[in-house]
Amino acid sequence: MIVNFKEWMMGKFIEWRDTEKSGIASYSDFARYLGVGVNQYTQWRTGNNLPNYDSAKILASKLGPEVYELLGYERPASADPAAVLPPAVRSALEKAVRRIESLGISPDSDEAVKIFTEEISKLEESDNSNSEP
């Protein structure tokens, strides 16, 4: 179990390095991947300094949201616009997304729009059948 930020950061570097096609990647390459300066990354990697909240957001987007807990920061509120939708609508959209992904089509395609429309129509049909006497 990773117990501190320094160990977590090193583990994330190793995971990232192992996924690089060449298998050869440096700390400088990792800093560039993260979008931070080499000196900043070195401070984090060696444990001499910890990321501030804004830097934690960058790390979370690249390496995973567990960084917030490691650093003692509160996770930001979900930016998922679907989170505010009623559960039935979210479920219909999720079903449409799964169909689109399973078919391997672009979410921007006309076919994808048709699938979304079908799933929402099913939801409307279900609502109508439940409201009829």
Side-chain angles (χ1 to χ4, degrees):
M1 176 177 179
I2 303 292
V3 294
N4 67 42
F5 178 77
K6 180 180 169 182
E7 292 173 5
W8 179 81
M9 200 66 179
M10 183 55 70
K12 290 298 183 176
F13 167 75
I14 292 168
E15 286 176 22
W16 174 82
R17 182 195 63 203
D18 291 347
T19 62
E20 287 299 291
K21 298 200 183 314
S22 67
I24 302 170
S26 68
Y27 292 137
S28 297
D29 295 332
F30 192 52
R32 274 192 295 279
Y33 165 74
L34 295 174
V36 301
V38 174
N39 290 337
Q40 178 95 57
Y41 172 72
T42 300
Q43 292 291 311
W44 298 342
R45 182 178 53 80
T46 60
N48 292 332
N49 201 351
L50 294 175
N52 62 25
Y53 187 74
D54 289 335
S55 295
K57 290 193 292 189
I58 293 168
L59 294 175
S61 71
K62 297 281 187 168
L63 305 176
E66 66 274 12
V67 69
Y68 293 114
E69 286 78 25
L70 284 167
L71 295 171
Y73 296 134
E74 189 171 320
R75 285 188 191 201
S78 174
D80 179 10
V84 299
L85 296 174
V89 175
R90 273 197 321 267
S91 178
L93 293 175
E94 289 167 0
K95 187 174 181 180
V97 168
R98 285 192 301 273
R99 282 181 57 197
I100 291 165
E101 288 174 347
S102 72
L103 294 170
I105 61 175
S106 168
D108 297 330
S109 69
D110 290 341
E111 190 175 14
V113 171
K114 182 180 175 187
I115 291 171
F116 279 114
T117 303
E118 288 172 3
E119 292 302 328
I120 294 298
S121 295
K122 290 177 188 175
L123 180 63
E124 291 172 348
E125 291 168 7
S126 173
D127 283 349
N128 290 337
S129 68
N130 290 337
S131 63
E132 293 177 7

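FYI, the numbering just counts along the sequence from 1.
Here the closest non-hydrogen pair linking Ile100 and Phe116 is CD1-CE1, 3.3 Å. Of all heavy-atom pairs spanning Pro51 and Ala56, the tightest one is CB-N, 4.2 Å. Taking both residues in full, the closest heavy atoms of Pro107 and Ala112 are given as O-CB, 3.5 Å, listed atom of the first, atom of the second, then distance. Between Tyr41 and Leu34, the closest heavy-atom pair is CD1-CD1, 4.0 Å. Heavy atoms only, all atoms of each residue included: Ala60 and Tyr68 are closest at CB-CE1, 3.5 Å.
When ring centroids are compared, Trp8 and Phe5 come within the 6.0 Å threshold.
A salt bridge does not link Glu7 with Lys12: every distance from a Lys NZ or Arg NE/NH1/NH2 to an Asp or Glu carboxylate oxygen is 4.0 Å or more. Between Glu119 and Lys122 there is a salt bridge, since a side-chain N of the basic residue sits under 4.0 Å from a carboxylate O of the acidic one.
Summarising the geometry, atom CE belonging to Met10 is positioned 11.0 Å from atom CG belonging to Asn4; distances are rounded to the nearest 0.5 Å. Distance check: Lys6 NZ to Arg45 CZ gives 9.0 Å after rounding to the nearest 0.5 Å. Taking CZ of Arg17 as the start and OG of Ser26 as the end, the distance is 11.0 Å to the nearest 0.5 Å. Atom CD in Glu111 sits 10.0 Å away from atom OG in Ser106 (nearest 0.5 Å). Atom CE of Met9 is separated from atom CZ of Phe13 by 10.5 Å, given to the nearest 0.5 angstrom.
Val113 and Ile120 fall into different hydrophobic clusters, where Ile, Leu, Val, Met, Phe, Trp and Tyr are joined by side-chain heavy atoms under 4.5 Å apart, directly or via other members. Linking Ile, Leu, Val, Met, Phe, Trp and Tyr whenever their side-chain heavy atoms come within less than 4.5 Å leaves Trp16 and Val38 in two separate clusters.
Within 6.0 Å of CD on Glu74 lie no more than 12 heavy atoms contributed by other residues, nucleotides or ligands. Within a 6.0 Å radius of CG in Asn52, other residues, nucleotides and ligands contribute more than 12 heavy atoms.
Looking at Ile115 and Ile105, their side chains come closer than 4.5 Å, going by heavy atoms from C-beta outward. Put simply, the side chain of Lys95 does not reach to within 4.5 Å of the side chain of Ser91, judged on heavy atoms. Counting heavy atoms from C-beta outward, Leu50 and Leu71 have side chains that approach closer than 4.5 Å. Residues Asp54 and Ile58 have side chains not in contact (no heavy-atom distance under 4.5 Å, counting atoms from C-beta outward). Proximity of Asp29 to Arg32: side-chain heavy atoms (C-beta onward) are separated by under 4.5 Å at one or more points.
Residues Asn39 and Thr42 bring no donor and acceptor atom of their side chains to less than 3.5 Å of each other.
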Walk me through whether Tyr73 and Tyr53 qualify under ring-ring contact (aromatic ring centres under 6.0 Å, His included).
CA-CA 7 Å; Tyr73 296 134; Tyr53 187 74; 5.5 Å; yes
